[in-house]
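A quick write-up on the structure given underneath.
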Amino acid sequence: MSVNYHDLSQDFITFCIEQQVLKFGEFKTKAGRLSPYFFNAGLFNDGDSLLRLGEFYANSIEKSGIEFDMLFGPAYKGIPLAASIAIAFAKKGRNLPYAYNRKEAKDHGEGGTVVGAPLTGRVLIIDDVISAGTSVRESVDLIQANGAIARGVSIALDRQEKGLGELSATQEVEQNNNMPVISIAKLSDLLAHIESSDALTPHLEAIKRYQQRYCLTT
């Protein structure tokens with residue numbers, strides 16, 4: 001995958017639509033809202049798409065300039081994401097350790113809740129999207145309990161939806177944990193993509209209405 005940082009978000013959105021990970025219609029969110037689009041990272045479900053996804057993440061992380069020592073993928077979606085990103089970085093010549101957690105502690109074998117590399121140094125948390133920020137809070141607590149530092153979060157898509165107040169859920173995570181959140185693409189990038197595509201134009205007004213009602217517009 002050649003890197004053109006300027007077009008990274010638009011290339012990612014094209015990829016998600018081609019993989020049918022990003023769909024348009026009417027979908028009910030966890031918050032009970034009717035959304036005109038749906039992003040399901042679980043549909044990156046074969047070797048080729050997962051490899052390309054890891055490369056998009058890795059390029060987005062490099063673009064951000066964030067400094068970190070290892071990756072952490074919270075169970076369950078974060079596990080294959082962190083693995084794919086570690087592979088993408090290895091292809092670039094950087095061999096990164098990664099770890100993930102179990103939902104329930106194991107009381108035999110090596111035991112514990114953390115699997116993979118020991119949590120040390122500066123840790124970058126990997127997830128697909130941020131909704132309520134619960135997964136991030138739990139990850140930060142686990143990382144700190146192991147004596148490491150949560151350095152930031154890398155996600156695929158920032159829906160830019162408001163959290164508990166006037167900030168977006170992503171901004172709340174940044175503020176509450178004093179660390180950055182990196183996204184490959186944002187809702188604003190998706191709107192720009194739709195505006196440039198005749199085939200997707202019919203979905204534009206519904207997404208704009210959703211943005212006005214539930215999301216930050218700047």
| said: If I take atom CD from residue Gln171 and atom CG from residue Leu216, how far apart are they, to the nearest 0.5 angstrom? | reply: 5.0 Å
| query | Do any pairs count as a salt bridge (charged side-chain N to carboxylate O under 4.0 Å, His left out) and have a residue in residues 202-214, sequence neighbours left out, and if so which ones? | reply | Glu195-Lys208
| request: Output the distance between atom CG (Leu53) and atom CZ (Phe44), rounded to the nearest 0.5 Å. | output: 4.5 Å
| message | With side chain to side chain contact (heavy atoms under 4.5 Å, CB included) as the criterion, how do Ser168 and Lys162 come out once you've worked through the C-alpha distance, each side chain's angles and the decisive distance to 0.1 Å? | response | CA-CA 4 Å; Ser168 71; Lys162 291 181 181 178; 5.9 Å; no
| query | Phe38, Tyr210: one ILVMFWY side-chain cluster at the under-4.5 Å cut-off? | reply | no
| message | Listing request: all salt bridge (charged side-chain N to carboxylate O under 4.0 Å, His left out) pairs with a residue in residues 126-151, at least two apart in sequence or in separate chains. | response | Lys77-Asp128
| query | After noting the C-alpha distance and the side-chain angles of Val181 and Ile130, does the key distance pass the side chain to side chain contact (heavy atoms under 4.5 Å, CB included) rule? | reply | CA-CA 9 Å; Val181 175; Ile130 288 177; 3.9 Å; yes
| task | Each residue besides Leu167 in its hydrophobic cluster should be listed here, by chain and number; the cluster joins Ile, Leu, Val, Met, Phe, Trp and Tyr at side-chain heavy-atom distances under 4.5 Å. | result | none
| note | Tightest non-hydrogen contact, residues Ser60 and Ser183, listed as OG-O, 3.5 Å
| field | Closest non-hydrogen atom pair, Ile66 against Gly152 | value | CD1-CA, 4.1 Å
| Under the side-chain hydrogen bond (donor to acceptor under 3.5 Å, both in side chains) test, residues paired with Arg122 that sit two or more places apart | Glu67, Asp69
| request: Only pairs at least two apart or in different chains count here, so list each ring-ring contact (aromatic ring centres under 6.0 Å, His included) that has a residue in residues 147-205. | output: Phe24-His203
| note | Ala206 and Pro36 have their tightest heavy-atom pair at O-CG, 3.7 Å
| Distance (rounded to the nearest 0.5 Å) between Leu142 CG and Asn101 CG | 6.0 Å
| task | Please state whether the rings of Phe68 and Phe89 are parallel, tilted or perpendicular, taking 30° and 60° as the class boundaries. | result | perpendicular
| task | Please answer whether the main-chain N or O of Gly42 pairs with a side-chain N or O of Asn40 as donor and acceptor at a distance below 3.5 Å. | result | yes
| message | Please determine whether side chain to side chain contact (heavy atoms under 4.5 Å, CB included) holds for the pair Glu62 and Leu8, giving the CA-CA distance in whole Å, both sets of side-chain angles, and the decisive distance to 0.1 Å. | response | CA-CA 12 Å; Glu62 282 191 334; Leu8 185 63; over 6 Å; no
| field | Other cluster members, Leu34 - Ile/Leu/Val/Met/Phe/Trp/Tyr, side-chain contacts below 4.5 Å | value | none
| Exercise: identify the closest heavy-atom pair between Ser154 and Tyr57 | OG-CD2, 3.3 Å
| query | Mind checking whether Val153 and Asn177 have side chains closer than 4.5 Å, heavy atoms only? | reply | no
| task | Would you check if the side chain of Gln160 reaches a backbone N or O of Lys186 as a donor-acceptor pair within less than 3.5 Å? | result | no
| Minimum heavy-atom separation for Ala150 to Val140, with atom names? | CB-CG2, 3.9 Å
| Whether over 12 other heavy atoms sit under 6.0 Å from Asn178 CG | no
| field | Atom pair CG (Leu81) and CD1 (Ile125), whose distance is rounded to the nearest 0.5 Å | value | 13.5 Å
| message | If hydrophobic clusters are built from ILVMFWY residues whose side chains come within less than 4.5 Å, do Ile149 and Val114 share one? | response | no
| task | Check whether any side-chain N or O of Gln19 sits under 3.5 Å from a backbone N or O of Ser49 as a donor-acceptor pair, and report yes or no. | result | no
| said: Membership question, hydrophobic clusters at under 4.5 Å side-chain separation (ILVMFWY): are Phe39 and Ile17 in the same one? | reply: yes
| said: According to a hydrophobic-cluster definition based on side-chain heavy atoms being under 4.5 Å apart (Ile, Leu, Val, Met, Phe, Trp, Tyr only), do Phe12 and Leu43 belong together? | reply: yes
| field | From Ile194 atom CD1 to Ile13 atom CD1, the distance as rounded to the nearest 0.5 Å | value | 8.0 Å
| query | Quick one: CG on Leu50 to CZ on Arg52, what's the gap to the nearest 0.5 Å? | reply | 12.0 Å
| Test item: Ser139 side-chain N/O and Ser135 main-chain N/O as donor-acceptor pair under 3.5 Å | yes
| query | Under the 6.0 Å and 45° cation-pi test, does Arg159 pair with Tyr37? | reply | yes
| note | Of all heavy-atom pairs linking Asp189 and Gln10, the shortest is O-NE2, 3.1 Å
| Tyr100 and Leu71: CA distance, side-chain angles, deciding distance, side chain to side chain contact (heavy atoms under 4.5 Å, CB included) verdict | CA-CA 8 Å; Tyr100 58 91; Leu71 305 169; over 6 Å; no
| Are Val129 and Ile126 joined in one hydrophobic group, where the rule is that I, L, V, M, F, W and Y side chains link up if heavy atoms are under 4.5 Å apart? | yes
